[in-house]
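It should be emphasised that the depicted structure is a prediction, and the values quoted were computed from it without experimental measurement. Order of the sequence lines sets the chain letters (A, B, ...), proteins ahead of strands, with each chain counted from 1.
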Amino acid sequence: MISGAQLKALAKRNIWDENQVLRQILGICSMLAVTNLLSNSLVMGIGLIFTVSLSSWTISLLRQWIPHRVRMIVQTLIIASYVIFFDIIIKANLPEISRSLGPYVGLIITNCIIMGRAEAFAQSNPPLLSLLDGFFAGVGYTVVLVAVAFIRELLGFGTIFGFNVNFLALETWTLMVMPPAAFFIIGVFIWILNIRSQGKVSGGGRNG
Amino acid sequence: MNKDGHLYSIVFTFFLTAFFTAILAVTQAVYLQVITANEADVHRRAILKVLNVPDDSFFQDFAANVSQQFLGESAVYVIYNPDGTPQSYAFPMNGQGLWGAIKGYIGVSADFSELLGLEFVEQNETPGLGGRIDEEWFKAQFSGIRITPGQPLVYGEGIDAVTGATSSSNAVLGLLNNTLEEVLALQEVLSP
């Protein structure tokens, strides 16, 4: 079984130390595409958490039987199956969100994070651990996704989850609505993170 | 069997693919009805909206209130007055936007002199920019506009384009004008 300390370490590593977006620079495509609205980002994040956890779990379960030379094809097949499954479920139960997410759900298949976790972790670790690894990697992605979406929706539309908070009727910032805005925001995030980790490495003092 | 041999790889991949495909096929079959019904609802709401009947009872009993007719390949939806004369028509509108297909409906008065409304059921324009063609203020501009045969609608005279989304706005207007042209050609067939 997995101990609490192990779980905590796994969570910390996947959400903070090796954050998929800010540290590994993976999943940037969807980060640019869906983050201008919080609701879309949240559903996208949930979809990714679901897909990456279950595909990591499945790949880990089958890891002894998957032939090495076709492993990537098999991984893609498993990932695609879960994504299509998720797509059908939200089409049936959340038609409105499905309409606004449009093709992005299908594009979860190509999200590098999922295959990254499959290659880097699931194929050499036990199922439950792989599931949790995928889950926390997905949470790490979703946290950044929602943080970026919060800034973009607030500045681009003056709303939060669709509720108008632009009480002073300030002019909204069109650039924030467009994909490049995510580049600037993620860039600033990475910058802040780098400054923090630099401080740690050099013992807290830049001149020391 | 050798795990890295050709035969094993082929057999393994074949059965794994069959297994996952079967799961997806079952899921799709289970939800197919719900998904089709959801889509049909979106279309019905759009049709009622362009016909200016936001009445929920019409939606509940769509088939009884809105008559669907076919003219060749194109469908037309008609609401009748109590005396049996047509009250208004809704026509589907299909075409290309900036990024993908735009599908929707337009409503036209019985004498084909007035555009009653415009509604989209599918569009893939940039969310927040071209996607704003799906916002109420934009669509509302097309309600109650006079249709003059041979005179396409243009932006500026009571209709505003979406700022920063010229291509999407023009795509909508082009689509609308094309549809109106086709609709006017149907006028003789529908109201002799």
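Residue contact with chain A, scored on non-hydrogen atoms closer than 4.5 Å, involves the backbone of B:Glu122 exclusively. Residue A:Ile66 touches chain B through both its backbone and its side chain, counting heavy-atom pairs closer than 4.5 Å.
In this structure, the salt bridge (charged side-chain N to carboxylate O under 4.0 Å, His left out) partners of A:Lys91, at least two apart in sequence or on a different chain, are A:Asp87.
Residues of residues 35-43 of chain B having a heavy atom under 4.5 Å from any heavy atom of chain A, listed by number: B:Ile35, B:Asn38, B:Val42. Annotation: residues 12-26 of chain B contacts chain A through B:Phe12, B:Thr13, B:Leu16, B:Thr17, B:Phe20, B:Leu24 [non-hydrogen atoms, separation under 4.5 Å]. Against chain A, no residue from residues 164-184 of chain B qualifies, as none has a non-hydrogen atom under 4.5 angstrom away.
When the shell of 6.0 Å around OH of B:Tyr80 is examined, it contains more than 12 heavy atoms from other residues, nucleotides or ligands. The number of heavy-atom neighbours closer than 6.0 Å to CH2 of B:Trp137, taken from other residues, nucleotides and ligands shown, is above 12. Heavy atoms of other residues, nucleotides or ligands lying less than 6.0 angstrom from NZ of B:Lys139 number more than 12. More than 12 heavy atoms of other residues, nucleotides or ligands shown are found within 6.0 angstrom of CD on A:Gln64. By the neighbour-count criterion of 12 heavy atoms within 6.0 Å, atom CD of B:Gln69 is densely surrounded, having more than that number from other residues, nucleotides or ligands.
In this structure, B:Tyr31 contributes its side chain and A:Ile90 its backbone to no donor-acceptor pair below 3.5 Å.
Among B:Val30, B:Leu32, B:Thr27, the single residue meeting the side-chain contact (heavy atoms from CB on, under 4.5 Å) criterion with A:Ile88 is B:Thr27.
Heavy atoms only, all atoms of each residue included: A:Ala92 and B:Val34 are closest at O-CG1, 3.5 Å.
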